[in-house]
Amino acid sequence: MTDQKKPDQATTSEKPWGGRFSEPTDAFVERFTASVGFDQRLYHHDITGSIAHATMLAEVGVLTTEECDRIIAGLNGVKEDIEAGRFEWSVSLEDVHMNIEARLTDRIGITGKKLHTGRSRNDQVATDIRLYLRDEIDVIAEELRRLQAGLLDLAEREADTIMPGFTHLQTAQPVTFGHHLLAWYEMLVRDAERLQDCRKRVNVMPLGAAALAGTTYPIDRSITARLLGFDRPSENSLDSVSDRDFAIEFCSFAALLMTHLSRFSEELVLWTSAQFDFIDLPDRFCTGSSIMPQKKNPDVPELVRGKSGRVTGHLMSLLMLMKSQPLAYNKDNQEDKEPLFDTVDTVKGCLKAYADMVPAIRAKAGNMRVAAKRGFSTATDLADYLVKKGMPFRDAHEVVGKAVAFGVAEERDLSDMTLEELKRFSDTIDEDVFDVLTLEGSVQARDHLGGTAPAQVRAAVARARKLLG
């Protein structure tokens, strides 16, 4: 009886590495070990890297000019097939690299088999991922910049809008909404810096390291690096094929960015609640309830808050993936792509949502002001007032504490008390005390770099815009 090949099961002769093997790969193992289902998104970068590799091989004399031209034309044809939907991805060919190489050989014949000279899938995939991530970093950087610009516009618009500042989620001191938004902005500045710093380490080329030990062919890695826009070739062939630090570093950036977006989201969710009612989000960023007609749910911030855990999980996944791997390449590293791809997709989606939503936020200034008057938010200003009159701070703290206790009992804010009532607690208090007990006086008094005064908020926005470009 003649043996028949199982569905999706390739014979050893169909595998580029099949010469060593005496039986075909088990059908389940073939599906289990294949990565083409997710790494096919690297096709553009794989073809770009292959064109550069072929060009270099021709320049050093490993390929003829005619062979190089045929390979490049063939690769461009494969790319057209993929983008036109005419390309059938085969699980039996395992990954994006072998699928493209097999199609190239089908198109141009034996010359296609020469493309892989002087390289391995190990350095090829490491190069593809770096090319992919470099492009995605540039997209993310622009979306991050768009969010930063939106925050600056909103902060400038709300530079005079007074709201309560909180510690322990308790009313602390008056601030302005613009000042609060600039605190968000500073987090994003650090995120943007981390992203650009990460890009420097992404932009190093591993191609030419081959499987792990380099190649005996007279390659010139500087040519390939220049053609692909890398800053330099990597230094050590063993590290080149096994390094995934750059992916971990990107996911670390992403986890911090998503942590910041999650913090923003938490405040937006609070502020849109009936209990706070500080802001309004346009209907297009919210959803309703299937049972409660009155509901307007801040689903975008809530979903972004939820996705932060997903991205942090991907960071942990990559750290665990690499923690026990000996040099050099191991099949474990196939598991690097799905966490990385999903992190990229999640970050881009969340940044787009926020960059679109932030400029549309509308502050309810009246409600913010009423809230700022609750909780004796100018108590610290009264203590500072007494210190400036010559009273030691600890004594001033005690005086104001007693005044606050009186206000709690009477259900009145410090600014609502008469001068005579305030003088019960210290003769140092005079008519000018009401200049510091008002909300406007409180925020205006902190007129220094980084302070809450509206003029300082506007100056901070101007400085930030200049740096943002």
Side-chain angles (χ1 to χ4, degrees), residues 34-49 79 82-83 85 87 89 95-97 99 125-148 150 187-188 191-192 194-199 201-203 244-265 284-285 287 298-322 333-358:
S35 61
V36 68
F38 50 83
D39 69 12
Q40 60 184 260
R41 76 157 66 187
L42 295 173
Y43 80 86
H44 171 78
H45 303 92
D46 192 75
I47 290 171
T48 299
K79 183 180 176 183
I82 293 171
E83 293 177 347
F87 194 100
W89 298 98
D95 55 36
V96 60
H97 324 293
N99 269 266
V125 68
T127 302
D128 288 0
I129 296 173
R130 286 175 182 267
L131 288 170
Y132 160 81
L133 188 54
R134 185 181 68 187
D135 284 352
E136 295 295 349
I137 283 174
D138 292 343
V139 172
I140 289 168
E142 183 55 36
E143 203 70 355
L144 182 54
R145 186 188 176 283
R146 193 164 70 90
L147 172 54
Q148 289 178 279
M187 298 183 207
L188 298 181
D191 291 326
R194 274 186 285 268
L195 182 61
Q196 291 308 313
D197 198 44
C198 170
R199 192 187 189 282
R201 281 174 286 283
V202 169
N203 205 33
R244 294 299 183 270
D245 290 3
F246 66 94
I248 293 172
E249 187 175 357
F250 172 80
C251 288
S252 178
F253 145 79
L256 263 173
L257 169 66
M258 290 300 297
T259 297
H260 292 154
L261 294 183
S262 182
R263 294 182 71 185
F264 303 172
S265 295
R284 63 185 179 276
F285 297 106
T287 63
D299 276 15
V300 168
E302 288 178 351
L303 192 55
V304 170
R305 185 176 60 185
K307 287 179 181 291
S308 64
R310 177 178 183 151
V311 171
T312 300
H314 290 326
L315 170 61
M316 295 301 105
S317 177
L318 289 179
L319 286 168
M320 293 303 99
L321 176 70
M322 299 304 299
N333 284 351
Q334 182 170 295
E335 291 295 299
D336 63 352
K337 296 170 195 62
E338 289 178 289
L340 179 62
F341 293 163
D342 190 68
T343 295
V344 167
D345 294 343
T346 302
V347 166
K348 287 199 299 186
C350 291
L351 280 174
K352 174 174 173 48
Y354 255 85
D356 290 346
M357 180 178 65
V358 162

For the residue pair Trp89 and Phe87, does the interplanar ring angle fall in the parallel (under 30°), tilted (30 to 60°) or perpendicular (over 60°) class?
-> tilted
Could I get the full list of side-chain contact (heavy atoms from CB on, under 4.5 Å) partners for Glu83, not counting sequence neighbours?
-> Tyr43, Lys79
Start with the C-alpha distance between Phe253 and Thr343, add both sets of side-chain angles, then the distance that settles side chain to side chain contact (heavy atoms under 4.5 Å, CB included), and finish with yes or no.
-> CA-CA 10 Å; Phe253 145 79; Thr343 295; over 6 Å; no
Can you name the residues that form a side-chain contact (heavy atoms from CB on, under 4.5 Å) with Ala34, not counting sequence neighbours?
-> Val91
Looking only at heavy atoms, what is the nearest atom pair of Ala353 and Val300, with distance?
-> CB-CG1, 3.9 Å
Between SG on residue Cys198 and CG on residue Asn203, distance to nearest 0.5 Å | 11.0 Å
If you measure from CD on Gln196 to CG on Leu144, what distance do you get to the nearest 0.5 Å?
-> 9.0 Å
Is there a side-chain contact between Pro301 and Met357 (heavy atoms, below 4.5 Å)?
-> yes
Report the residues that fulfil side-chain contact (heavy atoms from CB on, under 4.5 Å) with Arg310, sequence neighbours left out, ordered by chain and then residue number.
-> Lys307, His314, Asp342, Thr346
Given side chains that start at C-beta, do those of Met322 and Ile248 come closer than 4.5 Å, heavy atoms only?
-> yes
Expected output: side-chain Ser262 to main-chain Met258 donor-acceptor under 3.5 Å = no
Rounded to the nearest 0.5 Å, how far apart are NZ of Lys348 and CD of Glu142?
-> 13.0 Å
Could you tell me whether the side chain of Gln334 reaches within less than 4.5 Å of the side chain of Phe38, counting heavy atoms only?
-> yes
When rounded to the nearest 0.5 Å, the distance separating CG of Leu188 from CG of Leu147 is 5.0 Å
Provide the closest heavy-atom pair for Ala254 versus Val347 in the form atom of the first, atom of the second, distance.
-> CB-CG2, 3.7 Å
Nearest atoms (heavy-atom pairs only) where Arg130 meets Arg201 | NH1-O, 2.8 Å
Between OG of Ser35 and CG of Asp95, what distance do you get to the nearest 0.5 Å?
-> 4.5 Å
Lys352/Asp356 ion pair, N-O < 4.0 Å | yes
Taken to the nearest 0.5 Å, the spacing of Glu143 CD from Glu136 CD works out to 11.5 Å
Could you walk me through whether Leu195 and Asp191 pass the side chain to side chain contact (heavy atoms under 4.5 Å, CB included) check?
-> CA-CA 6 Å; Leu195 182 61; Asp191 291 326; over 6 Å; no
Between His97 and Asp46, a side-chain donor and acceptor under 3.5 Å = yes
Min side-chain heavy-atom separation Val344-Tyr132 under 4.5 Å | yes
Kindly indicate, with the supporting measurements, whether the criterion side chain to side chain contact (heavy atoms under 4.5 Å, CB included) is fulfilled by Arg244 and Leu321.
-> CA-CA 10 Å; Arg244 294 299 183 270; Leu321 176 70; 5.8 Å; no
Does a salt bridge link Asp39 with Lys337, judged by any charged N lying under 4.0 Å from a carboxylate O?
-> no
Within a strict 4.5 Å, meaning less than it, do heavy atoms of the Val202 and Phe250 side chains meet?
-> no
Look at the side chain of Thr259 and the backbone N and O of Ala255, then say whether any donor-acceptor pair between them is shorter than 3.5 Å.
-> yes
Distance-minimising heavy-atom pair for Leu261 and Tyr354 = O-OH, 3.6 Å
Step by step, work out the side chain to side chain contact (heavy atoms under 4.5 Å, CB included) result for Asp345 and Arg41.
-> CA-CA 12 Å; Asp345 294 343; Arg41 76 157 66 187; 2.9 Å; yes
His44 versus Asp135, side-chain donor and acceptor atoms under 3.5 Å | no
